[in-house]
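Ligands are counted one by one from 1 in listed order, and the atoms in each one are counted from 1 as well.
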Amino acid sequence: MKAGLVYDPIYLEHDTGDHVENSRRLVEAMSHLKETGIREKLISLPARPASLEELKMVHAPEYISYVKNKAEKGGGWLDPDTVMSPKSYEAALCAAGGVLAAVLAVMKKEVDNAFALVRPPGHHATHDRAMGFCIFNNVAIAARFALSKFNLKRVLVADFDVHHGNGTQDAFYADPEVLYFSTHQFPHYPGTGWMDETGTGAGEGTTVNFPMTAGWGDEEYLRAFNEVLVPVARRFRPQIILVSAGFDAHWADQLAMMKVSITGFIQMTRILKELAAELCQGRLVFTLEGGYNLRVVAASIKATFDVLLGNSGIDDPLGKASLARKPEGFDEHIEAIKRIHRLS
Ligand SMILES: [Zn+2]
């Protein structure tokens, strides 16, 4: 398999100081890819800045100019969680454009699949607002790009970041051409993503939320994938699968309370890859969202590339979560979600 890697040093210049979402996440991930010998097996895909027209497929022109002006004035806080530096506008343009480069390479079959290691992340950013460390909604812009540039009719966005991708959900809530599937801790930031949020109008049914109770882990995530994502994807028949990959559902992540292991992420990634092979000629593009434990992020990114390359016997250096009493009620919970989406 030919797996593409999007990375650009500009991503390090989105300088957030000692913020939990900082450049060390990518520095450590890149050196881990190198040390483990994976880096040389990947095809480098150059990032480029997204154009204004591309950003406007998702964002308000006034909001884009606001971010640009703020960078020119030296940066500062865009919302209580989201800070920017003088280079953040440029980095954010290249984060969005990096995912577009990955989509282009996959669509043109230059690579079989790709992972864009970008920052700032994107899935919380809305039409006119930065939120939750996100400036522009990279994956939403990529979905719009796939639809318009390649005349696609059906894009699946799967989001396993531990937080709900409220910005992505908003962008496609009334849109039948993009199926948004998300697993996320609930209740948790940003507060959206209950199972009864299913889309509106022509987009009714193409938003599929799988809220997770704090303390659930691999077993519950895999059932959510196998019993909900797989059948809704088969019904929808996507022409490409985009993945908002956050590794903050890991048991060692400091921002959330889920119990997923790297082995769990590997299994979820395998399911996504098999779905892409079955439904859309293998077209699969990952983009980095959250994940704040540096060891977890580096090892998970490496493991994701192992899956994309088709490697077996992939290492999980952190192991499984220690056995704690697991919250009950999963069976009733998944049945309720299946009923809402007419899967049972
Ligand atoms: Zn997150």
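The aromatic rings of Y189 and H124 stand perpendicular to each other, their planes meeting at an angle above 60°, with 30° marking the opposite boundary.
If you check the side chains of D128 and H59, you find no donor sitting under 3.5 Å from an acceptor. With no hydrogens or angles considered, a side-chain donor-acceptor pair links H164 and Q169 at under 3.5 Å.
Summary: ND1 is the N/O/S atom of H163 found nearest to the Zn ion (ligand 1). The Zn ion (ligand 1) lies closest to atom OD1 when only the N/O/S atoms of D161 are considered. Considering just the N/O/S atoms of D248, the one nearest the Zn ion (ligand 1) carries the name OD2.
In terms of heavy-atom proximity, G191 sits nearest to F186 at O-CE1, 3.5 Å.
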